[in-house]
Enquirer: 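One structure follows; several queries about it will come next.
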Amino acid sequence: MSAAAPAGGDPRAPRAAASVYVYYRVTAAGAPARAAVAALFAAVASATGVTGRLLARCDDATTWMEVYEPVADAGAFVPRLAALARTHG
């Protein structure tokens, strides 16, 4: 992943940490779904050191959003997250 440096900026300067958001719908917002997300969060934290948070829409409890931050290298984190998500359903 690459990005242009801001005008007048040094392209070698460290970039600010990113936030990664994952939106999806669940068929039932019950305990089994929450347990699966908790297992995923534990695996992600163990593998990457990044902590996840789970949010739900206030007007639709079946629309969830996972937030991962701070992510130092989103280009490396996103494929790792996808692989762990496949493992943890």
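Side-chain atoms are counted along with the backbone in the values below, which use heavy atoms only and exclude waters and symmetry mates.
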Enquirer: Apply side-chain contact (heavy atoms from CB on, under 4.5 Å) to Y24 and list each qualifying residue two or more places apart in sequence or on a separate chain.
Expert: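 Once residues adjacent in sequence are excluded, the partners of Y24 under the side-chain contact (heavy atoms from CB on, under 4.5 Å) criterion are V22, V26, V37, L54, W64, E66.
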Enquirer: For V78, enumerate each residue passing the side-chain contact (heavy atoms from CB on, under 4.5 Å) test, keeping only those at least two apart in sequence or located in another chain.
Expert: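 Listed in chain order: V20.
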Enquirer: Where do V44 and V50 come nearest, in terms of heavy atoms and distance?
Expert: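 For V44 and V50, the tightest heavy-atom pair comes out as CG1-O, 3.7 Å.
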Enquirer: What are the two closest heavy atoms between A76 and P79, and how far apart are they?
Expert: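 Taking A76 first and P79 second, the nearest heavy atoms are O-CD, 3.4 Å.
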Enquirer: According to side chain to side chain donor-acceptor pair (under 3.5 Å), does anything in residues 43-55 pair up with another residue at least two apart or in another chain? List the pairs.
Expert: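 Every pair satisfying side chain to side chain donor-acceptor pair (under 3.5 Å) with a residue in residues 43-55: R53-E69.
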Enquirer: Run the side chain to side chain donor-acceptor pair (under 3.5 Å) test against D60 and tell me which residues pass, sequence neighbours left out.
Expert: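 With sequence neighbours excluded, D60 shows a side chain to side chain donor-acceptor pair (under 3.5 Å) to R25, T62, T63, given in chain and number order.
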Enquirer: Can you tell me which residue pairs pass the salt bridge (charged side-chain N to carboxylate O under 4.0 Å, His left out) test with a partner in residues 74-89, sequence neighbours excluded?
Expert: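 For residues 74-89, and leaving out neighbouring residues, there are no salt bridge (charged side-chain N to carboxylate O under 4.0 Å, His left out) pairs at all.
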Enquirer: Looking at every heavy atom in both A56 and A61, which two are closest together, and how far apart are they?
Expert: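 Heavy atoms only, the tightest pair is CB-O, 4.3 Å.
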Enquirer: Looking at every non-hydrogen atom in both residues, tell me the closest pair between A47 and L84 and how far apart they are.
Expert: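 Closest approach of A47 to L84: CB-CD1, 4.0 Å.
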Enquirer: For residues 70-89, which residue pairs qualify under ring pair (Phe, Tyr, Trp, His ring centres under 6.0 Å), counting only residues two or more places apart or in two chains?
Expert: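 Non-adjacent pairs meeting ring pair (Phe, Tyr, Trp, His ring centres under 6.0 Å): Y68-F77.
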Enquirer: To the nearest 0.5 angstrom, please state how far the CG atom of L55 sits from the OH atom of Y23.
Expert: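 The OH atom of Y23 is 9.0 Å from CG of L55, to the nearest 0.5 Å.
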